[in-house]
Amino acid sequence: MDNFSQLINRIGLPRLAAMAVVAVLMLGFFGFLMLRAQAPNLAPLYTGLSLEDSSAIVAELQTQNVPFELRGEGDTILVPRDQITTLRMNLAGSGLPQRGQVGYEIFDEQSTLGATSFVQNINNVRALEGELARTITSLNRIKSARVHLVLPERELFRRERKDPSASIVLAVRGELSSSEIRAVQHLVASAIEGLAPARVSIVDDQGNLLASGTDDAQSALAGAADERTLGYENRLRTRVEDMLANIVGAGRARVEVAAEIDYNRSTTTEERFDPEGQVVRSTQTRENQNLTSGADGQVSVANELPGASQNNGAGGPTDQGSSTEEVTNYEISKTTQTAVTEAGAVKRLSVAVVVDGVYTADPEGNATYVPRSADEIAQILTLVRSAVGYSETRGDSVQVVNLQFAERPELAVAGTDGTGGLLDFTRDDLMNGAEMAVTLLIALALVFFVMRPLLKKVLSPESKALALPSAAELGHHGVLAANGQVISDEEVNQEPRDKTPAWVANAKSMGETQLQTLKTVGTLVEENPRQAALIVRDWLSNAA
């Protein structure tokens, strides 16, 4: 107890009080951070919900006693991160979220007893619209969808039939390509019997017409031809730019391709006969013999009497003859050839290539532009012609020009890549960096403005006490001053000096600095409780 009392006397009551206040503030600060760290780490369960889905999900979470938090205008629900998967599975089993659409579960919620056919048809259309909207919303580029179907019923005693149609309103992320638009059209058309993809009209949430929905085959073919031409040009341009990037460097060459493609489809049938290639197919021979007696064709009574022909014709003249007829059929060699020319043949190709020069650094570090040589340009021209399939008979044109680009590239050190993506930060990277910066700032503030002055004050009295003279040395010749020097009685009786000792001024300034530091740290914790909790959480994880 004597040693403890001596220690208290050496430290002094003001310093002891300051140390107690600092210790209480530090304990309170770390306790607050620990409480914040123990709070559940919330993460989005669902985003972009409708008010109906949000209300149903909140009611389900309250039933399960799960802590949650609403963000935005109620379209985002946050729950503890470690329960997200379980909650999504449970909500999916309950049919949530419905995305504001009613699907086939409409038939489970009502009794069909007493329902008319009109009501059943309406419910069927609602169910189809809801299921199609859910399927379309599942696509990555689409935030929400609303589908309207027109399914005309066939009337009795009527031959004409009206084709079904559909209209879709999409809320998209960015801009949909033509292939994605056609995918939505075919998706809806395949789900409805008798619906053609050309009868599906699509509009985005900005009011832009993405698909007209008119059954115009000519405009559809024209659009498909333009898209096919653009795709072919893009493929050639990408191929050439990738090849040149390995030669002249990334971003040091620009390629433009213009292709003229023939979309006419033709069928040619040709028959050829070879007169030299005769083959006997069949031969037919016919022989005839004629025998005529001499009555010269006269008719008389004597000729008509019985036995008159023998008597009268014996001495008459007789004619006898024969004839031969031969027919030969020949088969002539014939060749039939049918040639079908499909659409999409390249009629003419034009390629323009602009290549930047070479930049060299002088001893002062300045970049100097040097044009490329003619031999190098000729080699690049040969490579480009081979890459695009150059044909002189088609009249193709390939031009390679060396020009200085407006944006001069920076000279990188050998062995480094200028496209490393060091500044490609994501949102998570920025948040992590901010948390680390705040943690580092608070840690430095605690070390330099709290811990360092506190340790210096605590250790300074003990070091001074080691140099104090003993009581026997003092005797009755003087008293001990606060700085460890012996002051005589005459000096004690003198008037106090006007100047304040240096150690008092230092102690006063250090106390003010510590108080200001504590106030600053307290203000930071009150203004940024979340960051302070994250800092303590990081400390706990690092200690673990």
Side-chain angles (χ1 to χ4, degrees), residues 48 50 53 92 95-109 112 117-155 158-232 234 263 265 342-344:
S50 61
D53 289 339
L96 295 174
Q98 298 179 355
R99 300 294 182 183
Q101 302 290 339
V102 179
Y104 286 118
E105 66 273 4
I106 189 175
F107 297 103
D108 300 332
E109 298 175 357
T112 57
S117 60
F118 177 77
V119 175
Q120 292 292 342
N121 292 334
I122 293 297
N123 291 337
N124 184 33
V125 174
R126 291 180 60 192
L128 285 176
E129 292 176 349
E131 294 294 335
L132 287 174
R134 293 176 182 177
T135 305
I136 295 173
T137 308
S138 64
L139 300 179
N140 188 25
R141 298 287 300 277
I142 297 176
K143 295 187 293 185
S144 63
R146 187 172 180 84
V147 181
H148 299 280
L149 298 177
V150 178
L151 305 177
E153 297 182 0
R154 185 174 180 179
E155 300 178 0
R158 188 168 184 174
R159 296 180 179 179
E160 295 81 5
R161 178 184 177 184
K162 295 182 180 180
D163 296 331
S165 61
S167 58
I168 304 174
V169 180
L170 300 177
V172 299
R173 299 181 180 91
E175 183 177 357
L176 295 180
S177 62
S178 56
S179 59
E180 293 172 336
I181 296 173
R182 289 201 310 273
V184 174
Q185 286 182 310
H186 285 274
L187 176 65
V188 176
S190 301
I192 305 300
E193 182 181 1
L195 179 60
R199 299 278 296 172
V200 179
S201 62
I202 302 177
V203 182
D204 62 1
D205 53 352
Q206 302 296 328
N208 300 322
L209 181 63
L210 304 181
S212 61
T214 58
D215 194 4
D216 190 358
Q218 191 69 23
S219 60
L221 290 175
D226 294 340
E227 182 180 356
R228 187 173 177 181
T229 302
L230 183 60
Y232 178 76
N234 291 334
Y263 290 102
R265 187 177 183 274
E342 295 292 342

Which atom pair, heavy atoms only, marks the closest approach of Pro164 to Pro152?
CA-CD, 3.8 Å

Can you give me the closest heavy-atom contact between Leu176 and Arg141, atom names plus distance?
CD2-CB, 3.7 Å

Could you state the interatomic distance from CG (Asn140) to CZ (Arg173), rounded to the nearest 0.5 Å?
6.5 Å

From Ile142 atom CD1 to Glu180 atom CD, the distance as rounded to the nearest 0.5 Å
7.5 Å

Nearest-0.5 Å distance that lies between atom CG in Asn121 and atom CG in Asn124
7.0 Å

Which heavy atom in Ala196 sits nearest to a heavy atom in Ala189, and how many Å separate them?
C-CB, 3.9 Å

Should Glu129 and Arg126 count as an ion pair when the cut-off is N to O under 4.0 Å?
no

How far apart are the closest heavy atoms of Arg199 and Asp163, and which atoms are they?
NH2-O, 3.6 Å

Please round to the nearest 0.5 Å and tell me the distance separating atom OG of Ser144 and atom CD1 of Ile136.
10.5 Å

Would a distance-only check, ignoring hydrogens and angles, find a side-chain to backbone donor-acceptor pair under 3.5 Å from Ser190 to Leu187?
no

Run the side-chain donor-acceptor check on residues 200-210: report pairs under 3.5 Å with partners two or more places apart or on a different chain.
residue, atom, partner, partner atom, Å
Ser201, OG, Ala166, O, 3.4
Asp204, OD1, Gln206, N, 3.3
Asp204, OD1, Gly207, N, 3.1
Asp204, OD1, Asn208, N, 2.6
Asp204, OD2, Asn208, ND2, 3.1

Only counting residues at least two apart or in another chain, list the ones meeting side-chain contact (heavy atoms from CB on, under 4.5 Å) with Ser179.
Ser177, Arg182, Glu227

pair Leu139-Val184: side-chain heavy atoms closer than 4.5 Å:
yes

Minimal non-hydrogen separation, Ala145 against Leu170, with atom names:
CB-CD2, 3.6 Å

Would you indicate whether the side-chain heavy atoms of Leu128 and Leu151 approach each other to under 4.5 Å?
yes

